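Here the structure is laid out as structure tokens; the discussion comes afterwards.
In this chain, residues are counted from 1 in sequence order. Because the structure is a prediction, the values reported are computed rather than measured. Atoms within each ligand, like the ligands themselves, are counted from 1 in listed order.
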Amino acid sequence: MDNAQKKPKMTLASYFGHQEMPVIGMGTAADPFDEATMKTAVLEAIKVGYRHFDTSPLYRSEKAVGEAIAEALSLGLIGSRDELFITSKLWCCDAHSDLVIPALKNSLRVLQLEYLDLYLIHWPISCKPGRLMFPMPKDELLPMDFNSVWAAMEECQQLGLTKAIGVSNFSCKKLEHLLAFATIPPAVNQVEMSPLWQQKKLRGFCKANDIVVTAYSPLGAKGTRWGSSLVMDNEVLNEIAKTRGKTVAQVCLRWLYEQGTSFVVKSYRKERLEENMNIFDWALLKDDHDKINQIPQQRLQPKEQLVSANGPYKSLEELWDGEI
Ligand SMILES: NC(=O)C1=CN([C@@H]2O[C@H](COP(=O)(O)OP(=O)(O)OC[C@H]3O[C@@H](n4cnc5c(N)ncnc54)[C@H](OP(=O)(O)O)[C@@H]3O)[C@@H](O)[C@H]2O)C=CC1
Ligand SMILES: O=C[C@H](O)[C@@H](O)[C@@H](O)[C@H](O)C(=O)O
């Protein structure tokens with residue numbers, strides 16, 4: 001069994017087919033973004049055993065991911081595309097029922113793939129069609145028509161363009177609303193999660209409804225425009241890392257794994273890609289969990305940019321339905 005096959009996987013309730021999602025995925029939102037560096041990093045990741053990649057048209061990383069996959073196939077690093085689990089996302093400007101299928105087809109074209117494993121609604125908000133950007137002008141924010149957008153997502157799965165569909169940045173209330181009319185329930189909710197924002201309520205809801213939680217920014221996205229150093233500099237986590245002879249990044253990722261969530265973590269560097277994978281053959285102790293449970297909670301990415309006096313969400317309370 002090679003290194004990749006030994007890594008743990010999770011079953012998605014409404015995945016069309018037999019493949020499972022590897023717990024660890026490589027994130028591809030980079031700041032700064034550089035296409036050549038990203039392609040090299042994805043290829044390195046495949047070499048060290050990553051099989052799950054998270055991209056989005058917003059990140060401009062789909063092309064690099066697609067080129068790295070094509071190269072990995074031609075080098076024989078993987079036998080076939082089916083060995084990979086590829087996620088992409090529907091950006092807000094395409095979150096209109098008639099634009100969903102064309103947006104997914106465009107992602108597939110850029111990725112040079114026939115299908116995705118998972119397609120996610122990136123945010124529970126739409127914006128004026130045409131411009132793929134973040135932040136978008138506040139006067140272009142629009143409420144999402146969840147019923148018709150989700151129906152188009154379901155059609156994507158029925159057409160075989162993606163094996164599973166899901167959401168990102170959805171609160172319990174928004175998931176509940178979606179579940180009330182969905183024919184195909186969302187397989188995944190990808191949300192910010194780390195020891196500093198543990199998402200206890202949301203995880204309980206998702207577990208009860210067979211929705212896999214995928215953690216994004218598991219290291220707090222230190223060094224990026226959207227992140228902070230609060231996770232990596234946290235004293236409790238640094239102390240646990242020292243006692244266990246692990247790094248803070250490994251403590252965070254191991255903790256996520258022990259919570260039963262999958263996660264996507266980004267690095268451009270080969271040694272960190274490997275470090276972040278080396279979390280499956282040791283465990284945190286009860287005492288470590290007790291300490292992590294006590295860490296004061298703080299959402300690191302509240303996204304004020306999506307809140308506007310005239311928009312669909314007038315406050316962060318409304319965007320997150322009080323889960324803030
Ligand atoms: N659905 C959504 O709305 C969102 C989804 N995402 C997804 O989640 C992925 C991961 O989250 P992201 O925001 O990138 O943040 P992460 O928490 O993964 O942190 C990434 C940062 O940590 C550094 N890093 C990685 N590994 C280590 C390590 N072992 N030790 C020290 N530093 C390390 C990286 O630097 P370097 O590259 O130099 O190693 C990078 O600066 C994204 O790339 C994206 O795919 C992210 C945000 C929102
Ligand atoms: O530049 C901004 C960031 O990428 C921000 O938009 C993210 O939080 C985004 O939702 C993502 O998925 O990464």
Considering [options], which one's heavy-atom position lies nearest to [atom]?
atom: atom 27 (C) of ligand 1; options: Gln190, Arg272, Glu271; value: Arg272
atom: atom 43 (O) of ligand 1; options: Ser168, Ser229, Ala29; value: Ala29
atom: atom 22 (O) of ligand 1; options: Arg269, Lys222, Arg225; value: Lys222
atom: atom 34 (C) of ligand 1; options: Lys266, Lys89, Met26; value: Lys266

Of the side chain and backbone of [X], name the one, both, or neither that has a heavy atom under 4.0 Å from an atom of ligand 1.
X: Asn276; result: side chain
X: Met232; result: side chain
X: Glu275; result: side chain
X: Ala221; result: both
X: Leu120; result: neither

At the 4.0 Å heavy-atom cut-off, does [X] count as touching ligand 1?
X: Pro218; result: yes
X: Val265; result: yes
X: Gly223; result: no
X: Trp226; result: yes

Between [X] (side chain) and [Y] (backbone), is there a donor-acceptor pair under 3.5 Å?
X: Asn276; Y: Arg272; result: yes
X: Asp31; Y: Arg225; result: yes
X: Glu154; Y: Ile184; result: yes

So, [X] and [Y], do they make that salt bridge, N to O below 4.0 Å?
X: Asp288; Y: Arg254; value: no
X: Glu35; Y: Lys39; value: no
X: Arg131; Y: Glu140; value: yes

Check ligand 1 against [X] and write out every atom of the ligand that is under 4.0 Å from a heavy-atom position of the residue.
X: Tyr268; value: 36 (P), 37 (O), 39 (O)
X: Gly220; value: 17 (O)
X: His122; value: 1 (N), 2 (C), 3 (O)
X: Leu219; value: 17 (O), 24 (N), 25 (C), 26 (N), 27 (C), 33 (C)
X: Asp54; value: 7 (C), 44 (C), 45 (O)
X: Ala249; value: 28 (C), 29 (N)
X: Tyr59; value: 4 (C), 5 (C), 6 (N), 7 (C), 44 (C), 45 (O)

### Message
Taking the six-membered ring of Tyr115 as reference, does the cationic atom of Arg81 (NZ for Lys, CZ for Arg) lie under 6.0 Å from its centre and within 45° of its axis?
### Response
yes

### Message
Tell me whether Lys266 forms a cation-pi arrangement with Tyr268, defined as NZ or CZ under 6.0 Å from the six-membered ring centre and within 45 degrees of its axis.
### Response
yes

### Message
Checking Trp197 now: which residues fulfil ring pair (Phe, Tyr, Trp, His ring centres under 6.0 Å) with it, not counting sequence neighbours?
### Response
none

### Message
Among Thr214, Asp54, Thr87, exactly one meets side chain to side chain donor-acceptor pair (under 3.5 Å) together with Gln190. Which residue is that?
### Response
Asp54

### Summary
Residues at least two apart in sequence or cross-chain that pass salt bridge (Lys or Arg N to Asp or Glu O under 4.0 Å) with Arg299, listed by chain then number, are none

#### Entry: Under 3.5 Å: N/O of Thr224 near N/O of ligand 1
no

### Query
Less than 3.5 Å between some nitrogen or oxygen of Gln301 and one of ligand 1, yes or no?
no

### Query
Have Tyr50 and Lys7 got a donor and an acceptor in their side chains that come within less than 3.5 Å?
no

### Query
Between Leu118 and Leu159, is there a shared hydrophobic cluster once you connect ILVMFWY residues whose side-chain heavy atoms come closer than 4.5 Å?
yes

